[in-house]
**Student:** 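Attaching a single structure in structure tokens format; questions to follow.
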Amino acid sequence: SDASLALGDIFDHRYLESNDQACGFAKKGPSAGGFAVTYQELDECLKIIGFDSQKTEDMFKTLSGIVQLGDLEFEGEDESKLCSDGAILTNCCDQFGIDEHQLELAMTRQVNVIRGEEVERKLRLEQAEDVRDATAKTVYTRLFSWVVKTCNEQLQRSDAPKLPDDTTMGILDIFGFENFAKNSLEQLCINLTNEQLQWYFNEFIFAMELKEYAAEGITGKNITYEKNEPLLDLLMYAKPLGLLGIIDEESNFPKATDSSMITKFHAAFKSEKDYTAPRGNADEFTLRHYAGDVKYDGEGFLEKNRDTLAVDVVGALRISENELIKGLFGGEEKSGGRKGKRGKQDKGNARNKMRQSIKHARSSMAKKPTKTVAAMFKQQLLALKENLLAAEPHFIRCVKPNHQKVARVFDDDLVLKQLRYCGMLETTRIRREGYSSRPLFADFVRRYKVLGFPCAASVNETASSWKYRKDRKSTRLNSSH
């Protein structure tokens, strides 16, 4: 409802309108407990953690800019140009704190340096749309990382010295397993994360079971569970290339297509039990996850995986008047503080400033090896696995009873799906294969005390009491022989 964000109606924005559930929740008033209420809770939480008003304002302005960036539309097949309402570009640039003309140029053309000379090339329609969406995704990703980093900094005591044996507590909150009518690279990454976490969960639960059995002197060698290493190997570790590796390989070939990628999938994994190719020629494949089969549509895989951010866009964002945006893209911090709005600049000066910023961005990006989405995701997932293996975990499984957020109402299909997707059914099966009934020793001693002790005897309700009685009985039997 903040007029300064210039958002208008939520259904007017391309990035938001397809999520009917979220849009409906946002439209609810305070009496219905919708976003009007949760926004106040969020604002209060930010204050408690330590976000000042300037950080909060910059964050919401950045989010508003992302939403309005998605509303930019283009026309012209070979040479794209903006065709959306000019107010959309103006509002987007107001939130990002950048020049309208520079953003429009960054979205519709590319400047390459060939033999020291700058050569301008017009972007095709689909390329301009890819630049727009890649920009929105990158800004959001960096903003999210900034929020997490800022929370950690605010919650850490600055006066407490760090010691070598310090321990930390981390909270890993991930999106659940996904299986939609159309599943793409995003769902593959999310489901791979869940697959890796399920492996860790099973290993931990199974090890915990065996440890408990060992403490009781019971063998657990007959307890088994279905391991998901074969699917993890298929996705990340298969030789010569796993599925993610093939996606990366194809992304490096300019003439590669989603169809050629799918063909390589079929050739490499057709004999794997966790991989199924379609009967026809559709660009799709099915993976057998721990939570069930998921069919993935290959359309758009390669473009999403490349996800290259245009250097011209980085150049524009580096000199933003929004200090948060500028910081996210490596711009120099102002000594005089933050401007509230975009400042008026001489066109010649603005053009020169933009040229210098692009040059700096190109130099900076050249020093860093270009990584695809799949490569970065795999690297982050392996780092997460390493951290998890070094930690002592505590698992909290959250189950949503219904979509209406109504008390004492349980949607059986929804609950069952969540239990299956979070691996609880497999955990239950592991427990049932062993000793599913586990009474406490206190209960056992109270119930069966009369078999080994006088009724009036005072017996400690522990395992040692019964073990002591059993050892005495064994001694008497041996002496009688």
Side-chain angles (χ1 to χ4, degrees), residues 163 165-174 176 194 196-229 290-291 385 387-402 407-412 414-481:
L163 301 174
D165 58 346
D166 278 354
T167 57
T168 60
M169 180 181 71
I171 299 176
L172 176 64
D173 183 11
I174 69 159
N194 280 277
Q196 184 69 73
L197 292 175
Q198 184 63 27
W199 169 85
Y200 176 67
F201 181 65
N202 282 346
E203 289 288 311
F204 178 79
I205 292 294
F206 189 64
M208 189 170 64
E209 287 286 288
L210 294 182
K211 183 178 180 181
E212 191 170 337
Y213 291 169
E216 301 294 340
I218 301 171
T219 178
K221 63 181 181 181
N222 295 325
I223 302 174
T224 61
Y225 67 95
E226 188 171 357
K227 298 187 176 185
N228 63 349
E229 277 102 331
Y290 72 89
K385 178 183 176 182
N387 287 335
L388 289 173
L389 291 174
E392 296 181 10
H394 179 73
F395 298 96
I396 301 174
R397 299 296 193 183
C398 301
V399 177
K400 182 189 292 184
N402 60 76
R408 296 184 176 84
V409 174
F410 292 88
D411 183 330
D412 292 347
L414 176 64
V415 171
L416 179 60
K417 183 184 292 185
Q418 291 176 87
L419 290 174
R420 181 177 289 115
Y421 284 4
C422 71
M424 288 307 299
L425 298 184
E426 178 66 11
T427 304
T428 304
R429 194 190 63 77
I430 292 175
R431 294 293 293 263
R432 288 178 62 186
E433 277 203 4
Y435 296 86
S436 55
S437 179
R438 305 181 183 190
L440 298 175
F441 277 108
D443 298 332
F444 184 82
V445 170
R446 280 196 296 269
R447 182 167 185 176
Y448 297 106
K449 181 181 75 171
V450 294
L451 298 179
F453 299 91
C455 292
S458 177
V459 181
N460 290 328
E461 297 176 342
T462 61
S464 58
S465 297
W466 198 257
K467 186 175 184 299
Y468 168 74
R469 182 61 185 173
K470 186 178 69 172
D471 291 343
R472 284 189 59 194
K473 184 176 181 180
S474 299
T475 303
R476 287 200 304 269
L477 287 173
N478 292 333
S479 61
S480 64
H481 288 295

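Here the structure is a predicted model, which means the values were calculated and not measured.
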**Student:** Tell me every residue that passes side chain to side chain contact (heavy atoms under 4.5 Å, CB included) with Gln418, counting only those two or more places apart in sequence or in another chain.
**Tutor:** Val399, Lys400, Leu414

**Student:** Which atoms form the tightest heavy-atom contact between Phe453 and Val459, and what is the distance?
**Tutor:** CG-CG2, 3.7 Å

**Student:** For Glu229, give me all partners under salt bridge (Lys or Arg N to Asp or Glu O under 4.0 Å), at least two apart in sequence or on another chain.
**Tutor:** none

**Student:** Working to the nearest 0.5 Å, report the span between CG of Asn202 and OH of Tyr290.
**Tutor:** 9.0 Å

**Student:** For the atom pair CZ (Phe201) and CE (Met424), what is the distance rounded to the nearest 0.5 Å?
**Tutor:** 5.5 Å

**Student:** Among residues at least two apart in sequence or on other chains, which ones pass side chain to side chain donor-acceptor pair (under 3.5 Å) with Tyr200?
**Tutor:** none

**Student:** So, the side chain of Arg397 versus the backbone of Cys422: is there a donor-acceptor pair under 3.5 Å, distance only?
**Tutor:** yes

**Student:** How far apart are the closest heavy atoms of Val415 and Phe410, and which atoms are they?
**Tutor:** CG2-CD2, 4.5 Å

**Student:** Any non-hydrogen side-chain atom of Asn194 less than 4.5 Å from a side-chain atom of Tyr421?
**Tutor:** no

**Student:** With sequence neighbours left out, write down each residue that passes side chain to side chain contact (heavy atoms under 4.5 Å, CB included) with Asn402, or none if nothing qualifies.
**Tutor:** Gln404, Val406, Val409

**Student:** If the condition is side chain to side chain donor-acceptor pair (under 3.5 Å), which residues does Arg446 pass it with, not counting sequence neighbours?
**Tutor:** Asp443, Glu461

**Student:** Can you name the residues that form a side chain to side chain contact (heavy atoms under 4.5 Å, CB included) with Ala390, not counting sequence neighbours?
**Tutor:** none

**Student:** Nearest 0.5 Å please: distance from the NZ atom of Lys227 over to the CH2 atom of Trp199.
**Tutor:** 10.0 Å

